[in-house]
Amino acid sequence: MNSTADAEWELPTEPAARLEWLKSRETEDMRAKLGLGICYAQGFPGLLTRDPVTAVRYFREAAEAGCEEAAAQLALFHLSGDDQGGVQVDAEEGARWLKQAADRDHPEALHHLGMLHREGLGLERDLAKAVKCFQRAATLGHVASIYQFGVCKANGEGTLREMPWAVQCFAEAAERGDLDAMHDLAMCYKLGLGGVPKDPKMAVKWFRRGADLGSAPCENQVGQCYLHGVGLRQQPKEAARWLGAAAVRGHVEAAWCMGQLYALGCGVPRDEAAAARCYAAAAEGGHPAASHNLASAYAVGAGVPRDLERAVRWFEAAARGGVAAARESLQELGAEVKKQEARREISDAYEERWSTFVARAGVEGGIPVTAADLPVPDDRTLRAMLSAPCDDMHAEVLARWSVARFDAAFRTRMDPAELTAALAVVEQVTARINGMSEVLAAPPPVPPPSSKKAPLKKTSSGRGMGSPSSSKGGVSAGAPAAAGPATDAKRRPTVPTPPDAGTAAAGGASKAARGLKNAAAAAEAAVAAYAAAEAAAAAAKSVDADVS
């Protein structure tokens, strides 16, 4: 194309005029086809609907006419695809068009061709060819290729490992605005790599420059510097601010660090739920330590509902990632998971059988008609009754079964250990219903003020005056002393008079009502005892045989 034609190639700035101008030249200038391809690839709101298929057609016509830019654009369409526009991913086709553009020293095509050689996409993986592509594009001024050539030199990929050369590439690309180069150059200053003296302040300078431009890795490193006081004064709040910004952008390590900060309350208020959310985000991104933290949270219910199955899944992920402690945690959690599965089976049996048992017992309004009307439950129903959450009606039914009735009904039908556990539950519930929990929880009697004083004389019943009697005896603080035997009338309190039968009955009813409120605690204590009994019964395999 001659210079006159080049001088005439000035695109109008107004979209409608530009589109008309390009269409008027599409048959005579391949650059017009390239321009139309770009217009259809981008679209103009209210003027031109985005149309990837038409864009690909124009790019192909221009590329076949020898336009390397069109070949590069066509290659990128095939490499990335556009499902909404009907263009499918085709790495081999994309590589073919990249080669055509790269042969004409198109810098962007050379860069992407090098990436394909490095990853082995559409081409055979060849690190040496990748390095040649990056180096050629770098000499043409392609900034990203300058950085990638430095990466190859730093890692010894397809070329000799030469850190000083790598640092030089990072510095050049960073000065020209490459965010990844800013991060890696800062890391060289932070760690003292590639012959660069360790310089925390210079590292912070480049981290901060990249962070200000929106680089999540640089934001993470600024946060780390504030957290550990590297090149900056240690400020946990500033660390949390920068780490949080990086985590929002999807940086996995930053999300894990934020989880640690929330768990410890460092720089942010302590919040187990927020910590668990951060651990989850990092674990989903493949961070092994975060997987371990998330599993631990599920194992104990810290910030999330306790879920042993999820705990096992994340411990396994952490173990695959090389966290040695995760393997130990899995072993410890195995027995607990089995117990949870057993409790789930018991709960299912309870839901099915408890309602039938209560219906047959004639329970109305939570109170059985009479104790004698209660049917004898089968073994599975009994186990469900003993281990299920204990509400008022449940406690009332169990309380009506005396220890003697359980012993008589199940002595020949239960394993001895299981029977012992069942009797213990009945005793606990019965004690609560009868108000005995208050007696057991009563404080010990107040001892005499001095051991040198004369001991209290025994009464005819054989108990000391300060000893608890069968009717809640003991010294009552602040109670006036009644007249006793003449010899000790001034020094000894009087044994409280037992209440009459009516008062005792009223007190028992009141205690029974309060006992019902506490029955759930007794059932919770029974779960552990029942788990041991269930294991013994399963080993002996005697219970199921008796039931059948």
Side-chain angles (χ1 to χ4, degrees), residues 72 75-76 79 95 98-99 101-103 105-225 230-231 246 249-254:
L76 295 180
L79 291 173
L98 279 180
K99 283 182 178 180
D103 288 342
D105 277 347
H106 189 279
E108 190 75 12
L110 282 166
H111 173 75
H112 287 288
L113 188 63
M115 297 297 289
L116 293 186
H117 278 302
R118 172 189 277 175
E119 303 298 331
L121 296 175
L123 295 168
E124 183 180 356
R125 189 168 187 264
D126 191 329
L127 295 179
K129 288 184 178 180
V131 170
K132 289 182 180 179
C133 289
F134 292 142
Q135 188 172 19
R136 178 58 183 162
T139 59
L140 295 172
H142 193 268
V143 178
S145 293
I146 296 173
Y147 166 69
Q148 290 296 339
F149 182 67
V151 171
C152 292
K153 281 294 183 181
N155 298 327
E157 295 179 344
T159 183
L160 293 176
R161 187 174 186 271
E162 297 176 280
M163 278 302 299
W165 198 345
V167 172
Q168 183 179 347
C169 290
F170 295 156
E172 183 179 351
E175 290 288 356
R176 298 175 64 174
D178 189 279
L179 298 181
D180 292 330
M182 292 179 190
H183 175 271
D184 287 5
L185 178 62
M187 290 299 296
C188 290
Y189 279 115
K190 183 179 180 180
L191 303 176
L193 301 176
V196 174
K198 185 180 291 188
D199 190 338
K201 290 186 177 180
M202 185 63 73
V204 170
K205 169 191 170 182
W206 283 108
F207 284 141
R208 186 62 184 266
R209 184 179 294 187
D212 289 340
L213 294 173
S215 167
C218 287
E219 288 175 330
N220 171 62
Q221 286 298 328
V222 172
Q224 298 288 349
C225 289
V230 177
R249 295 182 189 274
H251 195 276
V252 172
E253 183 181 358

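Values reported hereafter were calculated over all heavy atoms of this structure, with side chains retained and with hydrogens, waters and symmetry mates removed.
For the pair Leu113 and Leu123, the minimum side-chain heavy-atom distance is below 4.5 Å. Contact of the Gln148 side chain with the Cys133 side chain is not registered, since no non-hydrogen atoms from C-beta on lie closer than 4.5 Å. Between Leu110 and Asp105 the shortest side-chain heavy-atom distance falls below 4.5 Å. For the pair Leu76 and His112, the minimum side-chain heavy-atom distance is below 4.5 Å. Looking only at side-chain heavy atoms (C-beta outward), Thr159 and Gln135 stay at 4.5 Å or farther from each other. When side chains are defined from C-beta on, Asp180 does not count as touching Phe170, because their heavy atoms never get closer than 4.5 Å. Residues Met182 and Leu213 form a side-chain contact, since some pair of their non-hydrogen atoms from C-beta on lies under 4.5 Å apart. Side chains of Phe207 and His183 form a contact here, defined as non-hydrogen atoms less than 4.5 Å apart.
To the nearest 0.5 Å, atom CD of residue Gln168 and atom CZ of residue Phe149 are 10.0 Å apart. Here the CG-CG distance, from Asp103 to Leu98, works out to 10.5 Å after rounding to the nearest 0.5 Å. Atom CD1 of Ile146 sits about 4.0 Å away from atom CD of Glu172, to the nearest 0.5 Å. Interatomic distance, OH of Tyr189 versus CG of Asp184, reported as 13.5 Å (0.5 Å rounding). Separating the CD atom in Glu219 from the CZ atom in Arg249 is a distance of 4.5 Å, to the nearest 0.5 Å. Rounded to the nearest 0.5 angstrom, Leu121 CG and Leu79 CG are separated by 8.0 Å.
In terms of modelled atom types and a separation under 3.5 Å, the side chain of Arg161 and the main chain of Ala154 share a donor-acceptor contact. Counting only distance, with no hydrogens or angles, the side chain of Arg125 and the backbone of His117 share no donor-acceptor pair below 3.5 Å. A donor-acceptor contact shorter than 3.5 Å is absent between the side chain of Arg136 and the backbone of Ala102.
More than 12 heavy atoms of other shown residues, nucleotides or ligands fall within 6.0 angstrom of atom CD in Glu162.
What you find for Asp178 and Ala144 is that their closest heavy atoms are OD2-CA, 3.9 Å. Scanning all heavy atoms of the two residues, the minimum distance from Val230 to Pro200 falls at CG1-CB, 4.0 Å. Closest approach of Ala211 to Cys218, counting heavy atoms only: N-CB, 3.4 Å. Closest approach of Ala138 and Ser145 over heavy atoms only: N-CB, 3.9 Å. The minimum heavy-atom distance between Ala254 and Ala246, with the atom names listed, is CB-CB, 3.6 Å. Taking both residues in full, the closest heavy atoms of Gly194 and Val167 are given as CA-CG2, 3.9 Å, listed atom of the first, atom of the second, then distance.
For the pair Asp212 and Arg208, the salt-bridge criterion is met [side-chain N within less than 4.0 Å of a carboxylate O].
Below 30°, between 30° and 60°, or above 60°: for His111 and Phe134 the angle between ring planes is between 30° and 60°, a tilted geometry.
Under the 3.5 Å distance criterion, with hydrogens and angles disregarded, a donor-acceptor pair is assigned to the side chains of Lys190 and Gln221.
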